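Working notes for the structure below.
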Amino acid sequence: MKAAVVRAFGEPLVMEDRPDPEPGPGQVRVRVEASGLCHTDIHAAHGDWPVKPSPPFVPGHEGVGLVEQLGDGVTHLAVGQRVAVPWLGKACGRCEHCLSGWETLCEQQINTGYGCDGGYAEKMLAWADFAQPVPDGVSAIDAAPLTCAGVTTYRALKVAGVRPAQLVAISGVGGLGHLAVQYAKIAGATVAAIDVTDEKLELATALGADLVIDARKDDVGEVLKRHGGAHAAIALAVNEGAFAAVNSGLRRGGKLVMVALPAHGSIQVPIFDTVLNGTSVIGSIVGTRQDLAEVFQLHAAGHTKVISETRPLASVNESIDEVLRGEVKARIVFDLLGAGR
Ligand code: NAD
Ligand code: ZN
Ligand code: ZN
């Protein structure tokens with residue numbers, strides 16, 4: 001089978017022929033149909049973060065495909081069933097976090113495409129308990145971006161406790177942001193979308209954003225304040241300055257939810273303003289299996305639209321460059337079957 005492999009940080013990925021992986025106990029082998037390119041995969045390939053993967057590895061945590069072989073003890077999945085293999089490849093199931101609805105914080109977790117090989121391949125392994133069944137009527141091409149971009153932003157809005165009639169700022173309308181705009185609308189919020197290209201701002205409007213802010217020329221904090229300030233700001237832009245900008249547009253009691261992970265990122269949180277204004281800064285990492293099930297359910301019911309462009313896996317390096325240049329409308333999805341939708 002073919003796989004796109006990171007052999008060294010910052011080097012182009014290499015297409016390799018590898019033997020099909022054998023599922024161990026509790027695992028399944030998946031014939032990948034579609035695999036999304038999340039910006040996290042670029043951070044992984046560049047070794048951007050303090051905790052690094054170990055090359056050689058296969059990135060990708062938006063892999064969707066058909067179960068091809070069951071490992072020992074797997075009884076709840078069937079050969080031929082479509083599943084998604086998210087970032088949360090496996091968690092322990094026993095710790096405080098796992099038992100309290102926060103499996104995303106499990107310290108024993110293994111992350112797909114980071115701690116084990118991921119979805120940039122024709123075949124991949126998944127732990128059966130964490131491979132999410134994809135409902136009928138949701139295509140593999142749509143399911144792929146939902147598997148990380150969808151579940152992450154859906155969870156981030158839950159973390160922010162967004163309620164109807166609130167003002168929610170979505171900073172960065174990329175793969176994650178284009179879905180965040182839609183979940184915020186579903187929650188009944190008024191949505192302010194922020195980005196730095198005309199195309200992204202137009203996309204945000206088309207997806208339901210009530211106002212758009214062009215961070216190239218507008219003062220993001222000031223515009224938000226003019227609208228009363230944001231109850232919640234979801235930081236999805238891979239840019240430190242964008243975190244501080246949107247933080248300055250919170251209203252009293254507002255929440256900044258940090259999701260994007262720019263390399264070596266940090267922001268100043270002024271103590272006086274934070275105390276007096278009662279604002280919060282919260283980190284949010286992907287979402288649980290239940291969150292992903294809800295994301296798929298919403299999509300199957302026709303409530304969300306996934307904007308994607310399909311590419312062959314062999315275009316992985318050019319595709320990464322396109323994302324870094326900000327030229328991708330929302331999400332690139334590698335079409336492993338070449339069959340389109
Ligand atoms: P993306 O490249 O598709 O989107 C980023 C968007 O930010 C683009 O639309 C870009 O134009 C916009 N942007 C750039 N500079 C900006 C600025 N100054 N102000 C406003 N917008 C700006 O990336 P993505 O796949 O959506 O991922 C975004 C980030 O989220 C990455 O850092 C990724 O690693 C991280 N991520 C985190 C989690 C999590 O669980 N916390 C999950 C998935 C991805
Ligand atoms: Zn655990
Ligand atoms: Zn991701």
Side-chain angles (χ1 to χ4, degrees), residues 35-46 48-49 59-63 86-88 90-114 118-119 144-156 159 169-181 192-201 203-204 212-216 218 220 233-246 257-263 265 282-288 291 307-308 319-320 322-332:
S35 197
L37 195 182
C38 179
H39 208 120
T40 289
D41 303 329
I42 305 177
H43 296 305
H46 289 176
D48 271 348
W49 299 333
H61 54 277
E62 288 187 348
W87 174 257
L88 190 65
K90 183 190 200 298
C92 82
R94 287 182 300 275
C95 72
E96 167 195 345
H97 309 295
C98 283
L99 293 176
S100 60
W102 284 93
E103 60 194 19
T104 50
L105 300 183
C106 176
E107 298 202 42
Q108 308 298 319
Q109 70 184 272
I110 298 176
N111 298 124
T112 309
Y114 211 86
L146 295 172
T147 300
C148 180
V151 73
T152 298
T153 51
Y154 182 72
R155 178 70 169 200
V159 163
I170 304 295
S171 171
V173 188
L176 269 63
H178 92 283
L179 286 159
V181 166
I194 306 152
D195 210 294
V196 290
T197 77
D198 295 341
E199 219 194 354
K200 306 272 190 180
L201 297 173
L203 175 65
V212 292
I213 307 175
D214 185 341
R216 288 169 301 189
D218 297 330
V220 172
I234 316 294
L236 306 171
V238 194
N239 178 299
E240 253 181 35
F243 281 68
V246 84
V257 183
M258 293 187 168
V259 174
L261 288 153
I282 315 167
S284 188
I285 178 77
V286 293
T288 63
D291 294 323
I307 308 295
S308 65
S319 298
I320 286 174
E322 270 181 75
V323 174
L324 290 174
R325 287 197 302 267
E327 289 170 5
V328 179
K329 194 167 182 190
R331 201 52 138 200
I332 285 179

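Quick caveat, the model's predicted, so the values are computed rather than measured. Start at 1 and go down the list; that is how both ligands and their atoms are numbered. The figures here come from the full heavy-atom set of this structure, side chains too, leaving out hydrogens, waters and symmetry mates. Counting begins at 1 with the first residue of the sequence.
Checked by distance only, ligand 1 and Ile285 stay at 3.5 Å or farther apart across all their nitrogen or oxygen atoms. Considering backbone and side-chain N/O atoms, Leu176 comes within less than 3.5 Å of an N/O atom of ligand 1. Residue contacts with ligand 1: Val286 is placed with a nitrogen or oxygen under 3.5 Å of a nitrogen or oxygen of the ligand (distance criterion only). Checking only distances, Thr197 never comes within under 3.5 Å of ligand 1, N or O to N or O. Remark: ligand 1 and Trp49 share no N or O pair separated by less than 3.5 Å (distance only, no angle test). Ligand 1 has no N or O atom lying under 3.5 Å from any N or O atom of Val323, backbone or side chain. At least one N/O-N/O distance between Asp195 and ligand 1 falls below 3.5 Å.
If you check which protein heavy atom lies closest to atom 15 (N) of ligand 1, you get Val196 CG2, 3.9 Å. With hydrogens left out, the protein atom closest to atom 3 (O) of ligand 1 is Gly175 N, 2.9 Å, a heavy atom. The nearest protein atom to atom 30 (O) of ligand 1, hydrogens excluded, is given as Ala260 CA, 3.3 Å; this is a heavy-atom distance. The protein heavy atom nearest to atom 25 (O) of ligand 1 is Arg331 NH1, 2.7 Å. Scanning the protein for heavy atoms near atom 43 (C) of ligand 1, the closest one is Cys148 SG, 3.4 Å. With hydrogens left out, the protein atom closest to atom 21 (N) of ligand 1 is Ala237 CB, 3.4 Å, a heavy atom. For atom 36 (N) of ligand 1, the closest heavy atom belonging to the protein is Thr40 OG1, 3.5 Å. Nearest protein heavy-atom neighbour of atom 5 (C) of ligand 1: Leu236 O, 4.0 Å.
Under a 4.0 angstrom heavy-atom cut-off, Gly326 registers as lying outside contact with ligand 1.
Looking at Thr104, its side chain never comes within 3.5 Å of a backbone N or O of Thr288 through a donor-acceptor pair.
Taking the six-membered ring where tryptophan is involved, the planes of Trp87 and His61 are perpendicular, since the angle between them exceeds 60° and thus also 30°.
Here the angle at the Zn ion (ligand 2) defined by SG in Cys98 and SG in Cys92 stands at 110°, rounded to 10 degrees. Angle subtended at the Zn ion (ligand 2) by Cys95 SG and Cys106 SG: 120°, rounded to 10 degrees. Vertex the Zn ion (ligand 3); arms to Cys148 SG and Cys38 SG; angle rounded to 10 degrees, 130°.
A distance of 8.5 Å separates NE2 of His178 from CZ of Arg331, quoted to the nearest 0.5 Å.
Contacts between Asn239 and ligand 1, counted as non-hydrogen atom pairs separated by less than 4.0 Å, involve the side chain only.
Put simply, His61 gets within reach of the Zn ion (ligand 3), with an N, O or S atom under 2.8 Å from it.
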